[in-house]
Student: 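Okay, handing you the structure first.
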Amino acid sequence: MTQSFPEIREAVAKLCAGFPGSYWQALDRDRTYPTEFVTTLTQAGFLSVLIPEEYGGSGLGLGAATAVLEEIHRSGCNGGACHAQMYTMGTILRHGTPEQKAKYLPAIASGELRLQAFGVTEPTSGTDTTRLRTFARREGDKYIVNGQKIWISRAEHSDLMVLLVRTTPREEAAKSSDGMSVLIVDMRSALNNGLTIRPIRTMLNHATTELFFDNLEVPVENLIGQEGKGFKYILDGMNAERILIAAECIGDGKFFIDRASNYAKEREVFGRPIGQNQGIQFPIARAHVQVSAASLMVDKAAAMFDAGEPCGTEANMSKMLASEASWYAADMCVQTHGGFGFAEEYDIERKFRETRLYQVAPISTNLILSHVGTHVLGLPKSF
Ligand SMILES: Cc1cc2nc3c(=O)[nH]c(=O)nc-3n(C[C@H](O)[C@H](O)[C@H](O)COP(=O)(O)OP(=O)(O)OC[C@H]3O[C@@H](n4cnc5c(N)ncnc54)[C@H](O)[C@@H]3O)c2cc1C
């Protein structure tokens with residue numbers, strides 16, 4: 001199958017070759033951030049592909065961005081450390097004032113400002129975002145923010161955060177999704193000045209954290225768009241996020257299929273390559289079929305996004321199909337490698353842990369099925 005953006009793919013693969021398994025294994029062991037990898041990607045311009053040229057980016061569409069992330073993952077690297085730098089700026093691009101765009105976008109494109117943090121999830125509300133409790137109270141030309149967020153990734157490695165807060169209590173809003181607002185938080189001045197960050201150690205190296213806001217002051221000029229309309233702005237950005245993460249899953253799936261095929265051709269047991277046994281060969285072939293099919297849905301969703309068409313359903317479906325295909329491929333790859341699938345130096349157990357995340361974050365499979373069931377098929381709503 002011909003692949004889109006062959007030059008981008010080739011350049012990304014070349015860059016990733018400089019960051020072999022041993023680099024990721026060492027970081028994974030200590031749960032440290034891949035600063036060198038992220039700097040190299042930034043300098044090569046790959047994290048600013050979605051920023052328009054007038055603001056210093058390459059002005060390409062989501063299709064190009066999916067090619068970048070797919071290749072990163074196919075190479076055995078992990079874009080989770082920096083993918084938000086690509087799309088979180090979309091909230092500013094689509095809904096920011098001309099002053100906000102001029103102030104932030106060129107600096108994000110050059111990497112001078114890192115916009116890696118996206119603060120939505122809270123411990124008590126979970127997926128039910130309209131029940132989030134972090135509240136920004138307006139006082140003169142400032143908002144005073146109080147509350148808590150959880151699972152906010154890369155917060156320690158970001159200069160800015162796009163933060164979703166309530167500015168009107170849910171009970172007083174006309175609709176449950178009204179009364180939320182988006183603020184740009186400057187993490188550099190906020191840290192230990194109303195903002196506390198607590199890292200959470202997880203089964204993968206994802207630099208995720210818990211955030212506590214205690215009378216954090218945010219200038220009113222950092223409000224994006226209209227007060228009270230923030231939920232809509234965040235939803236707009238989520239389609240891009242889901243499609244890009246689906247592309248990472250496609251890359252993971254291809255990584256597992258490449259590794260399993262190569263190993264199954266070389267490893268001999270009972271006097272023949274294990275891949276000659278259909279019990280080994282068919283799961284590899286099935287993984288290829290599933291990843292190829294999911295990849296078509298990712299391409300379709302990205303094309304619709306780039307054409308400015310509503311693509312919430314396709315973004316969700318591509319994320320679900322790709323995350324399930326990559327997980328099947330991960331499991332198959334471990335099984336194909338037998339005991340060696342568990343050895344750190346093969347990178348398979350690391351990628352297995354990494355790709356599992358995507359059935360839960362940024363949106364879990366059940367919530368996608370619920371969207372399809374109720375919004376697409378018209379079945380009765382359960383919530
Ligand atoms: C490593 C990591 C990084 C993350 N990074 C970020 C980040 O940078 N920014 C951010 O804002 N968030 C982030 N998240 C949060 C992530 O988006 C959420 O974990 C995810 O959306 C699921 O929400 P939850 O954990 O609150 O699960 P819950 O909402 O508590 O749900 C738990 C389970 O119940 C199911 N469930 C809930 N309600 C229903 C229902 N009505 N019907 C059927 N099933 C249901 C869900 O599908 C899920 O499987 C991250 C999470 C992780 C683990």
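As the structure lists them, so they are numbered: ligands from 1, and atoms in each ligand from 1. This chain uses plain numbering: 1 for the first residue, then up along the sequence.
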Student: Tell me which part of S153 gets within contact of ligand 1: side chain, backbone, both or neither, using heavy atoms under 4.0 Å.
Tutor: both

Student: Provide, to 0.1 Å, the distance between atom 20 (C) of ligand 1 and the closest protein heavy atom, together with that atom's residue and name.
Tutor: V360 O, 3.4 Å

Student: Ignoring hydrogens and geometry beyond distance, is a side-chain donor-acceptor pair present between Y358 and E248 at under 3.5 Å?
Tutor: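 Side-chain D/A pair, Y358 to E248: present.
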
Student: Please work out which of the three classes, parallel, tilted or perpendicular, describes the rings of F19 and F37, given edges at 30° and 60°.
Tutor: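 Taking F19 first and then F37, their aromatic rings stand perpendicular (interplane angle over 60°).
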
Student: Can you confirm whether the side chains of H375 and T313 place a donor and an acceptor under 3.5 Å from each other?
Tutor: no

Student: Pull out every atom of ligand 1 sitting under 4.0 Å from any heavy atom of G126, numbered as shown with elements.
Tutor: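 Contacts of ligand 1 toward G126, numbered from 1: 26 (O), 29 (O).
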
Student: Have a look at D28 and tell me which of R350, R201, R353 forms a salt bridge (Lys or Arg N to Asp or Glu O under 4.0 Å) with it.
Tutor: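 So the option named by the test is R353.
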
Student: Is there a protein heavy atom at a distance of less than 4.0 Å from atom 33 (C) of ligand 1?
Tutor: no

Student: Is the F352 to W327 ring centre distance short of 6.0 Å?
Tutor: yes

Student: Before signing off on this row, confirm whether T208 and ligand 1 have an N or O atom pair separated by under 3.5 Å.
Tutor: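 No - when backbone and side-chain N and O of T208 are compared with those of ligand 1, no distance drops under 3.5 Å.
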
Student: What do you reckon, does L367 have a nitrogen or oxygen under 3.5 Å from a nitrogen or oxygen of ligand 1?
Tutor: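 In this structure, L367 places no N or O atom under 3.5 Å from an N or O of ligand 1.
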
Student: Going by distance alone, is a donor N or O of one side chain under 3.5 Å from an acceptor N or O of the other, for T124 and R131?
Tutor: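 There is no such pair (donor and acceptor under 3.5 Å, judged by atom type) between the side chains of T124 and R131.
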
Student: If we count only N and O atoms by modelled type, under 3.5 Å, do the side chains of Y328 and Q290 hold a donor and an acceptor together?
Tutor: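 Per modelled atom types, Y328 and Q290 side chains form no pair under 3.5 Å.
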
Student: Judged by modelled atom types alone, do Q276 and Q281 share a side-chain donor-acceptor pair under 3.5 Å?
Tutor: no

Student: Suppose I only count heavy atoms of V120 and a 4.0 Å limit; which atoms of ligand 1 are within that range?
Tutor: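 Counting atoms of ligand 1 from 1, those under 4.0 Å from V120 are 11 (O).
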
Student: Closest non-hydrogen protein atom to atom 12 (N) of ligand 1, residue and atom name please, with distance?
Tutor: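 I find the closest protein heavy atom is T121 OG1, 2.7 Å.
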
Student: Contact between ligand 1 and P362 is defined here as a heavy atom of the residue under 4.0 Å from a ligand atom; is it met?
Tutor: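 Right, P362 reaches ligand 1.
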
Student: Around atom 16 (C) of ligand 1, find the nearest protein heavy atom and jot down its residue, atom name and distance.
Tutor: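 I find the closest protein heavy atom is A361 CB, 3.8 Å.
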
Student: Does either side chain, that of N78 or that of H206, offer a donor lying less than 3.5 Å from an acceptor on the other one?
Tutor: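 H206 and N78 do not have a side-chain donor-acceptor pair below 3.5 Å.
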
Student: Polar contacts were defined as any N/O atom of the residue lying under 3.5 Å from an N/O atom of the ligand; does this apply to S364 and ligand 1?
Tutor: yes

Student: Taking only non-hydrogen atoms of T202, do any sit less than 4.0 angstrom from ligand 1?
Tutor: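 Contact absent.
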
Student: Return a yes/no value: protein heavy atom under 4.0 Å from atom 44 (N) of ligand 1?
Tutor: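 There is a protein heavy atom less than 4.0 Å from atom 44 (N) of ligand 1.
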
Student: Within the structure, does T127 bring an N/O atom to less than 3.5 angstrom of an N/O atom in ligand 1?
Tutor: yes

Student: Among protein heavy atoms, which lies nearest atom 52 (C) of ligand 1, and at what distance?
Tutor: L357 CD1, 3.8 Å

Student: Taking only heavy atoms of F383 into account, list the atoms of ligand 1 that are under 4.0 Å away from them.
Tutor: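 Ligand 1 atoms under the 4.0 Å threshold to F383: 41 (N).
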
Student: Distance only, no hydrogens: is a donor on one side chain within 3.5 Å (strictly under) of an acceptor on the other, for D252 and S326?
Tutor: no

Student: So which bit of W151 gets within less than 4.0 Å of ligand 1, heavy atoms only: side chain, backbone, both or neither?
Tutor: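 Contact part for W151 vs ligand 1: both backbone and side chain.
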
Student: Which protein non-hydrogen atom lies closest to atom 9 (N) of ligand 1, naming both residue and atom, and how far is it?
Tutor: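 Result: F118 O, 2.8 Å.
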
Student: Could you tell me whether N366 and ligand 1 have an N or O pair separated by under 3.5 Å?
Tutor: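 Such a contact does occur with ligand 1.
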
Student: Would you please say whether a donor-acceptor pair under 3.5 Å links the side chains of E122 and T134?
Tutor: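 Judged by distance alone, the side chains do pair up.
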
Student: Does any donor atom in the side chain of Y104 or E99 lie under 3.5 Å from an acceptor atom in the other side chain?
Tutor: no

